[in-house]
Every structure is written in C-alpha cells, then in structure tokens.
Asker: 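Have a look at this one before I ask anything.
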Amino acid sequence: MSGLSRRALALLTCCLLICGFTLPAASAQPKGTEGHCPDGNGVTVVVDFQELGGDTLVRCAPGDQASGLTALENAGFEVTGTTRWGKAFICRLNGKPGADTEPCVNTPPASAYWGYWHAPNGGTWTYSQHGATNRKPPLGSYEGWSFSKDRSASDNPPPRVAPTRPAPKPRFTAQPATRFPKPSAPAPGTVEGTRWLVSELRDGALPGFNGPDWGLTIDALFVLSATRTDAAALNQVATKVAHNVRAYNSYDLWGQPGVRLADETGKLLAAAVAADVDPTSFGGINLRQEMLELIAGPGANHGQIRDKGITSDTNTFGQSLAVIGLARSGGVPTEVVDFLIKQQCAAGGFRLSTTLGGTPSITCDEFPNAVLDPDSTAMAVQALLAANTPAATASANKGADWLQRTQRTDGSFGGSGPTEASNTNSTGLAAQALAAAGRTEPARKAADYVAQRQLTTANGGEAKAFAGAVAYNDAAFQEAIANGIPEMARDQWRRASAQALLGLAQVPLGKLGALKPTRTVAPPATTVNPTTTTDSGTTTTTDQVTETTTPTVTNTTDQSTTAPPVFDQPTTPLAQTGAEPALPLLAGLVLVTAGLLVTVVARRRSV
C-alpha cells in the first residue's frame, strides 16, 4: 500500500463517525496520570512529537475507553481538530504543530500529519486501519500518536516508546529477614522496671485521668514484649487492649460510629505484633485492613495515614507506628514509607507534624522554620529500619546521624517545645533508635543516663518501695528520694518509665514480637462500655479471655461530624509537688494539667 493510499484510508475511516460529531466548547482538562498504566485497567497513550521537538509523552487513561479519541483526551492530552471536520481529524496535539505552520482548517496534508498506531501490551506497534473515533481500544492496550513529516508508507515512524508495561513497583516492602538478637540476659534495670510497671496495672491497664489510658497501656505492652520478663502480664495486657480497641481508635462509645483514628490504629497494629497476636483477629478486629483503609490515595497526601470521619490530625509518631505494624504484618505500602521519609528535613531530623504551627506542607523542608524533634526522629528511625528498603535504610541512617550529633555530653536527649530539657522519656526513645541503627556507644551513653535516674532499694530513699521506676528528670528523682512519690505524681513516673525502659532494653519497636503470630484474641464476651475508675484506681469493668481462630473484620462508614470530647493523656511531665500539697496548689495543678492537655493533643496524640 502506498503512503498516499494508507493516508487516504486513515482519513476515510476517520470520516465514518463525523456525522453528529460536535466540537466541544473548550479543551478537555487533563484526567489521566503520567506514565504507563500500572495494570490492565486502563489504556496507555503515547504521543511522539518526532520532528516537532519535545519529549515523547506517556500517559494513562484509566478505565474503559469508548474510542481512541476518548483515550487520548482522558489521558490528559489537549486535542485540536479541524474547523471543517472537528476532532474527526486530529490536527494538533498539545499545541503542536503550531498555528504558524498548520491552520487546522481542512484536513492536514499527507506530508505532515499525526499517524495513529495501536498495540497490545508487550506487542509491536501497528498502524491503525480505523480512525480514532471509530476504534475502541481494549483494556490494557496501547494507543500511539506519532507525527509523520515527509515520510512514505515504508518509513512512517511509530512511537519511539515500546508498548510494554513496566514491571510494577512492589507496593509492599519486604519484612525484615531476621529478628533483633535477644540478649542472653535481661539488660540491667529492665527486670525491676518491668516489675514496677506491672504493679501499676489496674485490671490489665494503666490508669489515666479518665479511666484506663490505652496509649500508655500499649507502651507498657511494648516494655513487656521487649523484656520478656512476665508472659502472664503480657497476655493480660494484650487481651485487655484487644477488648477495648474501639475505646481507643474510634468514637463509637460516644455515639459517633464511623470515626477511625489513624495514629491510634497504627499503635494498635504495632501492639498486636509485639504481643504475638494475629493482627487480623485482634479482639475480633482486622487491624491490618483498617490501617490500610486509612492510607491516603493519590494526591498531595498520598501515603499519609489519615483519620476517617473527622478532620484528620495525624503526626510522625502515628505514621512511624503504622509503618512498623504494616511491615511486620505482611508488608508496608511503599507510599506510606515514602510519606514518612518526606517528614525528614535536610539536616537529618524529623518534624512532628505536617501542620504544627498552622503552615501545612507535605515535606519537611517546605515547612517554614520546621522544628526538628528528637522523639519523632527516634520513632521514624526505628520505623524506617523495619521497612527495610534501600531508601528507608538510607533515611534511617541519616536520622541516626542527626540524633548522634544532638546527643548531649551526659548522654541525654530532650524533646522539642515544652520537653526540650533533658529527660529520660526522650533519652529512652533515642537510645532505642541508636541501638537499632548500630550506634552502640551513643546508645550505651543514653542508656546509662536513664539508669542513673532509676530508683533502687539502695538509692530510693523515701521512694525505695518504687524500686524500678524511672524518674522523668533530675528534679523528679531528687524529689522522690526526699519525699516519696505521692499518688498525683504517679502518672508522670508511669509515662517516663514506659519509654525509658525501652532505652534500657534496646530492642527496637520494629523487632518486638514473634515473626509469626502465635495466637488470636477473641472479642469480649459482652459489649464493652466506657470504664469508670474508683478512688482506689481500680476499674469496675472486667474482660473475659477467650481464644478464637476466626477473625472478624469490622466494616466502617465515613461520617464527618463534630468530634466528641477526647480525653487524650499527656506525654509531657506533670508539675511536681511535695508530699502534702495545699488545696490552692491542687487547684493550680488542675489548671496546669488542662493546659498541658491542650499542648499534648497538638503535640503527639497517639503516644
């Protein structure tokens, strides 16, 4: 077939659908995505400008396409037809050729026109015997447009991109190949510290200001998993948490179904793994599936875990815990890891939030005056090491370098904002992260700082009955030795100890628990109601432990409504007082606590 006859055939077939064809009022807006379609659910369109200049463009028109013209426009290309025939004749793509050489009034000349090609995935380009409006491309196939200038039938150029879909990038990263080696004996101070923390449990949970504090209780679960000194307590705490999932990651108990809190769900997923419980049947709930459903799809926040049913307010702590839980329960989506990496600034440290300070940004370096947070950095380092990909490992090592540079001469770390002063809470997290990254000496120095602020029967003075507990800072340590630890100060000691003990144990969060779950935890036998706390601190709700092998997936619906009161517990230190505080001082403490609650809710809700 001569070049002219093939050209004529293409023009004739394009005319078949000209009847009834109308020119749209404006150019179609881009609807597709860059690159090849990732799977067979779409049509990949290639536009090669050849002598017109510019890169060859590849875009995906998602889903079924009615015609070649539809695929071209839905892929996001600007299509210009002729004045006489409309888009039955394609005259110009993305403005080429320009109006100075092609007025697009009648059909383009045979010496300069857009050739129309097609191919199956993995096949070869074939010049189309039908016009773009008269051909329906199969799903998963390729459509090609290549400009032909002064060519004959034998050398009309096909697109210079092979019609082959690249191998898909793995969506899930591999699980760590090996576990963190367990020490031959528990690290010094961990047995006593774990024993004290267990003594603070009330019916399997650590108390907060409004009943059980589930976030703090999970911190205790992490300690029990790291030290492996009390299997019965680990089982009790895991069961209690599993039976109260909705009290922690939803507003169900407030009569607002459909809300799911992403940071809290990430922490629950990591807890299930650490407790050797199947995360697809944790109290009858598939936590892995719920976590996957809270990951933002394509767009500015792609890969970020986000709250459902309310205005989202997640942070780097929650993102890190989600990475750990997903990595250890079957694989973490690549985009979730990528979003966490974006929270790292060029210096190496990580920020706490994408929105803290009222200036939203997706990446850390876009954020004006971003505050690098040692606590968030320590969490991110552990999470990225658990993700176990080259990019994640490189980012983790950069974060560990930053931690090492910011370590103080006495081995300590502080947080950011109100926790900037040296404290065992931040130091414990940093010690854990440094150990995970193989920074043995800095990790040892941090652990030594924590150990020097741990009460023992020998150094405890008036607080020797609390042997094993770790003080938040030097002031709390000296106050306890002199005057003991009053009830109102116990909460600070619980919070400090839960993270400080992880620094002593130096087992990363990403290595807690068995490689495979050993059991499931069934739903509670009765409906879980909000727990109440008596003056003695003992909760009135009890759970019954049962075992099951049948997971129950809870389906949720999305509702955007005003959030009910949320009693998040502070992770910053409470004000220290003497053994016999006066009533005015107690009233002041209440006001201080209220202020801290506001600060901490903004700071890190999930830990």
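We use all heavy atoms of the structure for the numbers below, so side chains are in, but hydrogens, waters and symmetry mates are not.
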Asker: Do the side chains of Arg195 and Val198 get nearer than 4.5 Å, heavy atoms only?
Answerer: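 Val198 vs Arg195: side chains apart.
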Asker: Out of curiosity, Leu287 CG to Ser281 OG, how far, rounded to the nearest 0.5 Å?
Answerer: 9.5 Å
Asker: How many angstroms lie between OG1 in Thr419 and CZ in Phe413, if you round to the nearest 0.5 Å?
Answerer: 13.0 Å
Asker: Would you sort out whether Arg495 and Asp491 count as a salt bridge (charged side-chain N to carboxylate O under 4.0 Å, His left out), showing the intermediate values?
Answerer: CA-CA 6 Å; Arg495 295 178 193 284; Asp491 183 81; 2.5 Å; yes
Asker: With a 4.5 Å limit on heavy-atom distance, are the side chains of Pro207 and Asp213 in contact?
Answerer: no
Asker: Evaluate the side-chain proximity of Met379 to Leu429: yes if any heavy-atom separation is below 4.5 Å, no if none is.
Answerer: yes
Asker: For Arg260, is there an ion pair with Asp252 - N to carboxylate O distance below 4.0 angstrom?
Answerer: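 Yes.
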Asker: Between Arg494 and Asp219, does any NZ, NE, NH1 or NH2 come within less than 4.0 Å of an OD or OE carboxylate oxygen?
Answerer: no
Asker: Determine the minimum heavy-atom distance between Gln256 and Ile310, stating which atoms define it.
Answerer: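 Where Gln256 meets Ile310 most closely, the heavy atoms are NE2-CG2, 4.1 Å.
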Asker: Is there side-chain contact between Asn235 and Arg519, with at least one heavy-atom pair below 4.5 Å?
Answerer: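 The answer is yes, as the side chains (C-beta and beyond) meet within the 4.5 Å cut-off.
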Asker: For Pro508 and Gln506, which heavy atoms make the closest approach, and how far apart are they?
Answerer: CD-O, 3.7 Å
Asker: For Gln319 and Gln304, work out which heavy atoms get closest and say how close.
Answerer: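 Heavy atoms only, the tightest pair is OE1-CA, 3.7 Å.
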Asker: Is there side-chain contact between Val507 and Leu502, with at least one heavy-atom pair below 4.5 Å?
Answerer: no
Asker: Taking Ile285 as the fixed residue, which of Thr265, Leu268, Val245 is the one that meets the side chain to side chain contact (heavy atoms under 4.5 Å, CB included) rule?
Answerer: Val245
Asker: Between Val273 and Leu512, is a side chain to side chain contact (heavy atoms under 4.5 Å, CB included) present by the stated rule, with each step listed?
Answerer: CA-CA 7 Å; Val273 172; Leu512 297 180; over 6 Å; no
Asker: Is the backbone N or O of Pro138 less than 3.5 Å from a side-chain atom of Ser141, with the two atoms forming a donor-acceptor pair by type?
Answerer: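 Between the backbone of Pro138 and the side chain of Ser141 there is a qualifying donor-acceptor contact (under 3.5 Å).
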Asker: Does the Ser395 side chain pair with the main chain of Ala391, one donor and one acceptor, at a distance under 3.5 Å?
Answerer: no
Asker: For Ser312 and Arg306, indicate whether the former's side chain and the latter's backbone hold a donor-acceptor pair under 3.5 Å.
Answerer: no
Asker: As a quick check of understanding, evaluate side chain to side chain contact (heavy atoms under 4.5 Å, CB included) for Leu269 and Leu321, giving each step before the final call.
Answerer: CA-CA 8 Å; Leu269 181 60; Leu321 288 163; over 6 Å; no
Asker: Looking at Lys342 and Asp338, is any side-chain nitrogen of the basic one under 4.0 Å from a carboxylate oxygen of the acidic one?
Answerer: no
Asker: Within the structure provided, determine whether Arg351 and Asp373 are in side-chain contact (heavy-atom separation under 4.5 Å).
Answerer: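 Arg351 does not reach Asp373 side chain to side chain.
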Asker: Is the backbone of Phe222 close enough, under 3.5 Å, to the side chain of Ser225 for a donor and an acceptor to pair up by distance?
Answerer: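 No.
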Asker: Indicate yes or no: does Arg439 engage Asp401 in a salt bridge with an N to O separation below 4.0 Å.
Answerer: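 Salt bridge flag = yes for Asp401 with Arg439.
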Asker: For Phe339 and His302, work out which heavy atoms get closest and say how close.
Answerer: CD1-O, 3.7 Å
Asker: Counting N and O atoms only, with roles assigned by atom type, does the side chain of Gln432 sit under 3.5 Å from a partner on the main chain of Ala443, one being a donor and the other an acceptor?
Answerer: no
Asker: So, are Asp203 and Lys240 salt-bridged, with charged N and O less than 4.0 Å apart?
Answerer: yes
Asker: Going by distance alone, is a donor N or O of one side chain under 3.5 Å from an acceptor N or O of the other, for Asp263 and Thr314?
Answerer: no
Asker: Taking Ser497 for the side chain and Val470 for the main chain, is one N or O donor matched with an acceptor at less than 3.5 Å?
Answerer: yes
Asker: Write down the atom of Ala396, the atom of Val381, and the distance for their closest heavy-atom approach.
Answerer: O-CG2, 3.6 Å
Asker: Less than 3.5 Å apart, which donor and acceptor atoms pair up between the side chains of residues 33-43 and the rest of the protein, not counting sequence neighbours?
Answerer:
| from | atom 1 | to | atom 2 | distance (Å) |
| --- | --- | --- | --- | --- |
| His36 | ND1 | Tyr142 | OH | 2.7 |
| Asp39 | OD1 | Asn41 | N | 3.0 |

Asker: Pair Asp313, Asp307 - check side chain to side chain contact (heavy atoms under 4.5 Å, CB included), show working.
Answerer: CA-CA 7 Å; Asp313 182 25; Asp307 298 332; 4.3 Å; yes
Asker: Would you say that Glu290 contacts Asn249 through its side chain, given a criterion of any heavy-atom pair below 4.5 Å between the two side chains?
Answerer: yes
Asker: Could you tell me whether the side chain of Ile341 reaches within less than 4.5 Å of the side chain of Phe350, counting heavy atoms only?
Answerer: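 They are not in contact (no side-chain heavy atoms under 4.5 Å apart), so the answer is no.
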Asker: Within the distance-only criterion (no hydrogens, no angle test), does the side chain of Gln343 pair as donor or acceptor with the backbone N or O of Leu352 below 3.5 angstrom?
Answerer: no
Asker: Is it true that a side-chain atom of Gln454 and a backbone atom of Gly468 form a donor plus acceptor pair closer than 3.5 Å?
Answerer: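 Present.
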Asker: Between the main-chain N or O of Leu326 and the side-chain N or O of Arg288, is there a donor-acceptor pair closer than 3.5 Å?
Answerer: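 Between the backbone of Leu326 and the side chain of Arg288 there is a qualifying donor-acceptor contact (under 3.5 Å).
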Asker: Which distance, rounded to the nearest 0.5 Å, do you find between the OG1 of Thr227 and the CG of Leu504?
Answerer: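 With rounding to 0.5 Å, OG1 (Thr227) is 10.5 Å from CG (Leu504).
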Asker: When rounded to the nearest 0.5 angstrom, what distance separates OG in Ser320 from CG in Leu384?
Answerer: 7.0 Å
Asker: When rounded to the nearest 0.5 angstrom, what is the spacing between CD1 in Ile305 and CG in Asn315?
Answerer: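 Going from CD1 on Ile305 over to CG on Asn315, the span is 8.0 Å.
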Asker: Give me the atom names and distance for the closest heavy-atom approach of Gly303 to Ile295.
Answerer: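 Looking at all heavy atoms of both residues, the closest pair is CA-CG2, 3.9 Å.
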Asker: Can you check whether Ala75's main-chain N or O pairs, donor with acceptor, with Arg59's side chain at less than 3.5 Å?
Answerer: yes
Asker: Just to verify, which of Ile218, Val241, Leu261, Thr217 counts as forming a side chain to side chain contact (heavy atoms under 4.5 Å, CB included) with Tyr248?
Answerer: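 Exactly one pass, corresponding to Ile218.
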Asker: Carefully, step by step, assess Asp365 and Thr363 under the rule side chain to side chain donor-acceptor pair (under 3.5 Å).
Answerer: CA-CA 6 Å; Asp365 285 323; Thr363 64; over 6 Å; no
Asker: Once you round to the nearest 0.5 Å, how far does CD of Gln404 lie from CG of Asn397?
Answerer: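 Atom-to-atom, Gln404:CD and Asn397:CG are 10.5 Å apart.
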Asker: Between Asp276 and Arg328, is there a side-chain N and carboxylate O pair less than 4.0 Å apart?
Answerer: no
